[in-house]
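First the structure, in the form of structure tokens, and then the observations on it.
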Amino acid sequence: MQTPSGHPVAPAPGARLVVLASGGGSNLAALLAAHEDPAYGARVVGVVSDRPGAGALDLAREAGVASVVVAPADFADRDAWNEGVAEAVAVFRPDWVVLAGFMRILAPSFLARFPARVINTHPALLPSFPGAHGVRDALAYGVRQTGCTVHVVDDGVDTGPIVAQTAVPVLDGDDESSLHERIKVAERALLVETVGRVARDGLVVEGRRTRIG
Ligand code: GRF
């Protein structure tokens, strides 16, 4: 790569992360803060959202990171949308695809494009409380400990091999919102730490067991 005046520019170091997000993007914000440090070993090169109004898109713009919306309404059916997401992600040539509050299920055909390279964060201690309401379900069940999980995405819903987890206690008087806010603090730290380690050292998946490095 060269600047217009002809000076060579070294490509930025680190693994290429593409982040998929549907919501406010606090997990994305944490990754964007981490990638400022070259020693982190990974940088967000693209953000993809299914929702035109997602706060994550504003965060990407503010950070100077390319973003794209792939909204289901713009596609004939779910297969076509999946293909659209896969194309949008592939353009960024990711080393790792990070689902950070991406509230849709990606088809096996998407995962086949990025085998064992798609990582998700979930706000519960899997395998307990998978699905879209992990915080609410844990609270309703009455567990005293819940938490967050970073895992490799497979064809199921939040069923892939677990990479890292943090426990978060349920406090008397918690409602879904207060509990989720506390989980999200732990979740951001876990995601940043885990993605960085995976990017720097690699990830081995053997059946249900995973090992970083
Ligand atoms: C996170 O808790 C994520 O695990 C869940 O939704 C939340 C998204 O938060 N699926 P944000 O958009 O990163 O702030």
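All ligand and atom numbering here is 1-based and tracks the order in the structure. Reckoned from all heavy atoms, side chains included, excluding hydrogens, waters and symmetry mates. Just so you know, residue 1 is the first one in the sequence shown, and it goes up from there.
- Every ring-ring contact (aromatic ring centres under 6.0 Å, His included) that Phe110 has, sequence neighbours left out, goes to Phe114.
- Linking Ile, Leu, Val, Met, Phe, Trp and Tyr whenever their side-chain heavy atoms come within less than 4.5 Å puts Val48 and Val153 in one cluster.
- Here the side chain of Thr149 pairs a donor or acceptor atom with the backbone of Leu126 at under 3.5 angstrom.
- Within 4.0 Å of ligand 1, the residues that place a heavy atom are Gly23, Gly24, Gly25, Ser26, Asn27, Gly101, Met103, Thr121, Pro123, His180, Lys184, Glu187, listed by chain and number.
- With sequence neighbours left out, Glu176 forms a side-chain hydrogen bond (donor to acceptor under 3.5 Å, both in side chains) with Arg136.
- A salt bridge between Glu187 and Arg182 is absent, with no side-chain N of the basic residue lying under 4.0 Å from a carboxylate O of the acidic one.
- Within the structure, the side chain to side chain donor-acceptor pair (under 3.5 Å) test picks out the following pairs touching residues 59-73 (sequence neighbours left out): Asp58-Arg61.
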